[in-house]
Each structure stands twice: as structure tokens, then as C-alpha cells.
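Worth knowing before you read on, the calculation uses all heavy atoms, side chains too, and leaves out hydrogens, waters and symmetry mates.
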Amino acid sequence: MYLTQSTDLALRALMLLGARDERRSAADLADRLGVAPQHMAKIVQRLRGHGFVKTSRGRGGGVVLASGTPDLPVGEIVRALEGPGEAVDCDHPPCPLRGGCRLRGALRTAQEAFLASLNRVRLRDLVTDPPEPVLLSLALPVHAAASPAQEGA
């Protein structure tokens, strides 16, 4: 299955927020994930709209995970972010095979299985020790995140 780039970045932002229980700015999240600040601001708005994060403005403001978000199944988060769409759109443009085609049902079943497998993992499972250092190092620019082999050299 395929996730939109927006959903991928939203999951990564949630993981970074969950790795440390502290308020972060959308600009900091954008910098760590290597995306434009305006794009991250839109992602944060979507996350806030779904109730996954809380935001506040001004001095001391920023983005934090909403209570309960760490306990959510990842499949539930993905379903909310991706929306109710199917893996294929048989209606636009109308497919001449849709009257007798079984592909749509098979793909719908596969999509549900994909989300069900993600539901076996909670956001908390993705960020508990020891992944925090890994998450933070992955968010750094490539040249700044030295591999263990390079560190020993």
C-alpha cells in the first residue's frame, strides 16, 4: 500500500513529538524532517484537526501530542489522515470493467488488512526506548548523522 507524503510526514512528526515529551515548534519539526516550514504548518493543522496534537501560540507555544495520542493504533491514525478513499478509483474516470470486476473488492480487502496490521502497533511502541536517539539522529541532515563505523574511525 502507499501512503501520501503528507501522511508519512505527519507520522514522522508524531514520532518526534512522542520521542520527547516536550513542546516543539512547527519550524523545528520542519527543520528536523527536512521539509518546508509552510508544509509542516499544514501538516500540524491537519494533526490538530484530527485531535492528535495540541497547539498554542506565542512565547512558550508550540506543538505537543494530545493526551491519549501515544496509545492510538497507528492504523487508526493512518485511516484518519488518508481518509475513506480506496486504493483505486474505479469511478473517475469510469472504468468499463467495474460492473463485473473483482479487483476493487480484492484491493479493498488488502487495504483493510494493511490498516489492521498497523493497528497492532501503537504510536507509543514506535518511540519507546531506545528509538529516541535513532529518531533524532534520522532527523538530522545526512552529514551530521555519522554512522557507528564512521564514529570509530
Side-chain angles (χ1 to χ4, degrees), residues 1-56 61-142 145 147:
M1 302 302 307
Y2 176 81
L3 298 180
T4 62
Q5 182 184 27
S6 179
T7 295
D8 177 30
L9 289 170
L11 288 170
R12 292 171 193 238
L14 291 173
M15 290 171 63
L16 282 172
L17 290 168
R20 287 191 181 163
D21 189 21
E22 61 186 31
R23 194 170 296 277
R24 292 180 182 266
S25 69
D28 177 54
L29 291 171
D31 184 51
R32 290 185 175 273
L33 294 173
V35 299
Q38 304 89 323
H39 189 56
M40 183 54 65
K42 290 178 185 177
I43 290 169
V44 167
Q45 284 179 331
R46 283 185 63 217
L47 290 170
R48 187 185 71 211
H50 287 290
F52 299 135
V53 299
K54 291 187 176 191
T55 61
S56 57
V63 185
V64 293
L65 288 180
S67 66
T69 299
D71 297 316
L72 290 175
V74 174
E76 187 177 312
I77 296 169
V78 168
R79 186 183 302 273
L81 294 171
E82 287 290 313
E86 295 184 52
V88 295
D89 185 358
C90 300
D91 299 323
H92 299 95
C95 175
L97 303 175
R98 67 185 163 165
C101 181
R102 295 183 186 134
L103 180 60
R104 186 179 197 174
L107 290 173
R108 188 178 297 136
T109 300
Q111 185 174 10
E112 288 303 317
F114 173 73
L115 293 169
S117 80
L118 288 176
N119 274 339
R120 291 193 288 264
V121 179
R122 302 205 176 272
L123 182 63
R124 179 181 310 286
D125 300 333
L126 301 176
V127 298
T128 54
D129 292 331
E132 179 186 338
V134 173
L135 285 173
L136 296 178
S137 69
L138 288 175
L140 294 174
V142 176
S147 69

When rounded to the nearest 0.5 angstrom, what distance separates [atom1] in [X] from [atom2] in [Y]?
| X | Y | atom1 | atom2 | value |
| --- | --- | --- | --- | --- |
| Leu3 | Asp8 | CG | CG | 6.5 Å |
| Leu11 | Met15 | CG | CE | 8.0 Å |
| Gln45 | Thr55 | CD | OG1 | 8.5 Å |

Problem set entry | Gln5 CD: over 12 foreign heavy atoms closer than 6.0 Å | no
Exercise. Side-chain donor-acceptor pair under 3.5 Å between Arg23 and Ser56, yes or no?
Worked result: yes
For this session: Would you please name every residue forming a ring-ring contact (aromatic ring centres under 6.0 Å, His included) with His39, sequence neighbours left out?
Result: none
Exercise. For Thr4, does its backbone N or O pair with a side-chain atom of Glu82 as donor and acceptor, under 3.5 Å?
Worked result: yes
Exercise. Any donor-acceptor pair under 3.5 Å linking the side chain of Thr109 with the backbone of Gly105?
Worked result: yes
Exercise. Who are the side-chain hydrogen bond (donor to acceptor under 3.5 Å, both in side chains) partners of Ser25, not counting sequence neighbours?
Worked result: none
Problem set entry | Salt bridge flag under 4.0 Å for residues Glu76 and Arg122 | no
Problem set entry | Intermediate values then yes/no, side-chain contact (heavy atoms from CB on, under 4.5 Å), Arg79 and Glu112 | CA-CA 10 Å; Arg79 186 183 302 273; Glu112 288 303 317; 2.9 Å; yes
Problem set entry | Counterpart residues, side-chain contact (heavy atoms from CB on, under 4.5 Å), relative to Asp91 (two or more places apart) | Asp89, Arg98, Arg104
